[in-house]
Visitor: 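Provided herewith is a single structure, encoded as structure tokens, for subsequent inquiry.
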Amino acid sequence: MFLREWNGRTYRVEAVESGFVMNGKHYRSLSSVAKRITSAHWSGARFFGLHIAQARDAIDA
């Protein structure tokens, strides 16, 4: 589970086998989740404060 506060709101994102789920909607990447939240292009790992190895571990879990 990834948590991120943005503009006073907390977002919860779950890593699933086929990508990520936020609010019941499926996303293929953390970057697409970050873009949905911010309306700007972000590296998903950077937005959620992860190192690449941590992001891969979350996907594999």
Visitor: Testing the basics here: between Gly44 and Ser31, what is the closest heavy-atom pair and its distance to 0.1 Å?
Guide: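 Taking every non-hydrogen atom into account, N-OG, 2.9 Å.
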Visitor: Rounded at 0.5 Å granularity, tell me how far CZ in Phe48 sits from CZ in Arg4.
Guide: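 Atom-to-atom, Phe48:CZ and Arg4:CZ are 7.5 Å apart.
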Visitor: Rounded to the nearest 0.5 Å, what's the gap from CZ on Phe2 to CZ on Arg12? Could you check?
Guide: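 One gets 14.5 Å once the value is rounded to the nearest 0.5 Å.
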Visitor: Sorted by first residue and then second, give each side chain to side chain donor-acceptor pair (under 3.5 Å) pair with at least one member in residues 33-42; sequence neighbours left out.
Guide: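 Side chain to side chain donor-acceptor pair (under 3.5 Å) check on residues 33-42 returns no pairs.
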Visitor: So if I apply the side chain to side chain contact (heavy atoms under 4.5 Å, CB included) rule between Val13 and each of Val33, Leu3, Val21, which one comes out positive?
Guide: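 The option that passes is Val33.
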Visitor: Report yes if the side chains of Ile37 and Arg9 come closer than 4.5 Å at any heavy-atom pair, otherwise no.
Guide: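 They are not in contact (no side-chain heavy atoms under 4.5 Å apart), so the answer is no.
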Visitor: Run the side chain to side chain contact (heavy atoms under 4.5 Å, CB included) test on Leu30 and Phe20 for me, step by step, so that the C-alpha distance in whole Å, both residues' side-chain angles and the decisive distance to 0.1 Å come before the verdict.
Guide: CA-CA 7 Å; Leu30 271 180; Phe20 301 90; 3.6 Å; yes
